[in-house]
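Atoms within each ligand, like the ligands themselves, are counted from 1 in listed order. Keep in mind the model is a prediction, meaning the values are calculated, not measured.
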Amino acid sequence: MFHLNVRHFIPLQPSSSLMENFDPKMFWIIWFLCSVLLCECSPVPDPDSPMFGEVQSPQYPQPYPPNLQQQWELRVPEGFQIRLTFTHLDIEAAAGCYYDSLTVLHKEKLLGKFCGTENSADGHHPGNHPILSPGNTLMLIFQTDDDNPERHQNLGFSAQYQAIDVDECSAPEPLDGSGPLCSQICLNTLGSYLCACHHGYELRSDQRTCVLSCGGGIFDEPEGHLFSPGYPMIPPHAVSCQYIISVEPGFTVSLNFSDNFHIESVDTEDGLICLHHWLLVTIPDREPIKLCGGLSPGLMETNSSTVKLDYHTDDKGQSRGWSLDYRTQRVQCPVPGRVANGRVTPVLTEYFYRDYLHVRCDQGYKLMMEGEEIQSFFTMCVSSGRWHLSLPECHIIDCGEPEPLLNGAVTVLSGFQNQYRSVVQYHCNQPFYSPLGGVNVTFRCDADRQWRSTHDVISSPTCLPVCGQPTKLISGYQRIIGGSNAPHKTIPWQVMLSVGSGRGGGMVIADRWILTAAHVLVANGATVPPEDVRIYMGHNDVKTLKDTPVNASSLYIHPGYKNPDLLNYNNDIALMKLDQPITFDSSVMPLCLPAEGATYDTGVMGLVSGFGITINRGREVLTNRLKYVQLPVVDQETCSSSLSSIRRTRSDVPNLTENMFCAGVPEGSKDSCQGDSGSAFTLRENGRFYAAGIVSWGIECGKRGTYGVYTRVSNYLPWINNTIQNN
Ligand code: ARG
């Protein structure tokens, strides 16, 4: 490849747009031909330096006048010579052109002194030979004397001149020792010349000499080969070459001076120094390293993506040079540490630019970064050789507080702060509640942060109220009519009702449900509004009881209860739903319901209780204390015939149906009475009291030969269960 560089003047180009794409050389030829042949010329580009012209003696073609001293200075553009051609010359002839003459000069140099005619014997006529000026100027001086013989009429001269391109390249080397025009290749151009260099050389700033190419510049390929100028041949003197290796950030350059290495060094007392010749290796942010000597530096890891090499030699001494291969390697990131309770992948021995790390926590642990939980974690090795994010931590997960259990509690069996794998156990508040399924369920904190039941059936613990098991039992048997005061907590299901001005009883059978007799809640054939009903429980004396009323939200009378004349107590059963659930304890506990198909055997002793009428010193009074009495179940036939015999004297005796049973003793004096209605007649089985009957009606109270009549609860299990379930 040639390094071309225009050095000298380039002739002006015409401004005509038609000519714009013309080769300049062609332009000049055409223009010259036009001007010579047609004489009417296109405008001269530079009026001071035309490409051609004409010179004539004064008055030509008339004879010239005497006493002339006229001169013309011809000038063509620089880089051209002038060729002068006479079309005619007729000047008074004389030896040495003594009288009249035309002198042609270039600068001080005489090119010719002319006179005479073509055929004259004396004088000096140029003939047909053109005169070539060595430069781009030419001086013509025309001189005539005062004696111009009349008979000899001389016409003078006429000459054309034109610019001739100089071939600078073929000019001989100047003698001043400055060397040839171009040290390697000379290219003649119109009006000028160019120097060029052979392959492997480059044109110096003087535009004429060539030096061995440094081969310098910027190297951005991932690998390459560099060597000093001329290597491995003998290099030129005084080189100053710069090589810049600059690869993508994230890669580091290593230099391998693989072959011979020789850079002149100077021996001093302190060792070798790189005084006149050196190779300077500059790595950003580091002290530059000057290399010289005869020992190859071998492999140099720069740990940088850019390296600058400056090779310098002076015009003395000899360095044979150097050569190197460079390679690039991805920047290395430190091997990551371990993450406790987590895994860092992939596991490699080395990590490089653009490698990724992924951190996952072990089961039961979560990713934490700067105090925040994150869903996933990646970090990348970046060009600076660092991980763009530092490693996260794995913290043990926790399931939070376990759900509280209504009427129960949760205790920690193992683990800490509800963390992964902690085990808790649910308990019900014994003895008032017991767990559904009979087991205290344990839950474990799982990896998905959920408390999971370890029981395969029970997924959520439930505490069921314990029914029919008072914490205190009545010892000995006494009576309501003929009964006795019930100690506190012995009949915890007992409820007292105030309905209008009347008093009734009831029994707790569930946390929101009270079972009672229908006739307590019906007045004049209509169900009383729930707000007219006050419910009391938890105490055995009426005074204290009245401090804590509870409200019913709705009342459910058995649909079969139709008793307009108070002669038909069939289906005397009703339910009340409380507006608030009850939390059971020793003073309020539910009564169990009879088992499916329960029959009450004649003679079996039951317990009846209530806040109804009692007999005090021979007078019927409404009790202030809960009373109870123990009564046997009476044979249905016996009860029925007792009622029949009463009917003989009274007309207002209701019928005994299969939904009723009787309890009492033939001799009387132990009975329930007014105000006890709705209260429970309980039987006990397997240590539990259950609601066998509901105080319903009777003919007087405690009278010999009569019995109290009770609603047979076992006949109403479906109705009770459905009502509770559906409301
Ligand atoms: N019907 C009465 C009341 O409303 C209950 C009668 C009970 N009589 C009996 N002798 N056991 O309280």
Side-chain angles (χ1 to χ4, degrees), residues 478-483 494-507 514-525 527-528 532-533 535-536 542 555 557-558 561 563-574 576 606-615 620-623 626-634 638-640 642-643 645-647 650 652-657 659-682 692-713:
Q478 291 157 42
R479 299 158 273 188
I480 312 182
I481 293 286
Q494 179 68 52
V495 166
M496 189 180 95
L497 302 179
S498 289
V499 183
S501 58
R503 179 182 288 187
M507 70 208 84
I514 309 290
L515 185 63
T516 185
H519 78 263
V520 176
L521 302 178
V522 174
N524 306 321
T527 306
V528 298
D532 284 6
V533 182
I535 305 164
Y536 306 96
V542 173
L555 311 179
I557 311 295
H558 190 280
Y561 177 73
N563 190 12
D565 309 319
L566 303 178
L567 290 172
N568 182 3
Y569 284 88
N570 198 24
N571 304 313
D572 190 13
I573 187 167
M576 296 190 287
L607 179 75
V608 62
S609 56
F611 289 96
I613 281 171
T614 186
I615 292 173
E620 285 192 346
V621 292
L622 200 54
T623 185
L626 176 62
K627 304 276 183 189
Y628 73 91
V629 69
Q630 192 84 13
L631 295 172
V633 173
V634 173
T638 311
C639 188
S640 184
S642 106
L643 287 169
S645 58
I646 296 167
R647 264 188 212 104
R650 290 178 70 147
D652 58 347
V653 180
N655 280 332
L656 183 74
T657 70
N659 292 322
M660 307 167 188
F661 69 92
C662 301
V665 285
E667 66 272 21
S669 83
K670 293 199 279 187
D671 197 1
S672 53
C673 197
Q674 260 58 36
D676 290 326
S677 277
S679 297
F681 175 92
T682 63
I694 303 167
V695 179
S696 183
W697 57 279
I699 306 299
E700 302 181 28
C701 302
K703 199 182 168 197
R704 178 189 213 26
T706 69
Y707 303 97
V709 185
Y710 299 84
T711 308
R712 191 183 286 270
V713 177

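- Using modelled atom types, one side-chain atom of N568 and one backbone atom of N570 make a donor-acceptor pair closer than 3.5 Å.
- In the vicinity of D671, heavy-atom distances shorter than 4.0 Å reach the ligand 1 atoms 9 (C), 10 (N), 11 (N).
- Residue nearest to atom 11 (N) of ligand 1, selected from S672, S677, C701: S672 (by heavy-atom distance).
- For ligand 1, the atoms lying closer than 4.0 Å to a non-hydrogen atom of E700 are 9 (C), 10 (N).
- In this structure, F681 has its ring center closer than 6.0 angstrom to the ring center of F661.
- Rounded to the nearest 0.5 Å, atoms OH (Y707) and CG (L631) are 11.0 Å apart.
- Of all the atoms in ligand 1, the ones that sit under 4.0 Å from a non-hydrogen atom of H519 are 1 (N), 3 (C), 4 (O).
- Ligand 1 places these atoms under 4.0 Å from at least one heavy atom of G708: 11 (N).
- For R503, the heavy-atom gap to ligand 1 stays at 4.0 angstrom or more.
- For T682 (side chain) and L607 (main-chain N/O), a donor-acceptor pair under 3.5 Å exists by modelled atom type.
- Heavy atoms of D676 found under 4.0 angstrom from ligand 1 belong exclusively to the backbone.
- By the 4.5 Å heavy-atom criterion applied to side chains, N563 and Y569 are counted as neighbours.
- Of the heavy atoms in C673, only backbone atoms (N, CA, C, O) come closer than 4.0 Å to ligand 1.
- Put simply, no part of K703 is less than 4.0 Å from ligand 1, judged by heavy atoms.
- With 3.5 Å as the limit, one finds a donor-acceptor pair spanning the side chains of S672 and Y710.
- Heavy atoms of S696 approach ligand 1 to within less than 4.0 angstrom.
- With respect to atom 12 (O) of ligand 1, the closest heavy atom belonging to the protein is G675 N, 2.6 Å.
- Put simply, the side chain of D572 gets close to the backbone of H519: a donor and an acceptor are under 3.5 Å apart.
- With hydrogens and angles ignored, the 3.5 Å screen pairs a side-chain donor or acceptor of T516 with a backbone N or O of G505.
- For atom 7 (C) of ligand 1, the closest non-hydrogen atom on the protein side is W697 C, 3.8 Å.
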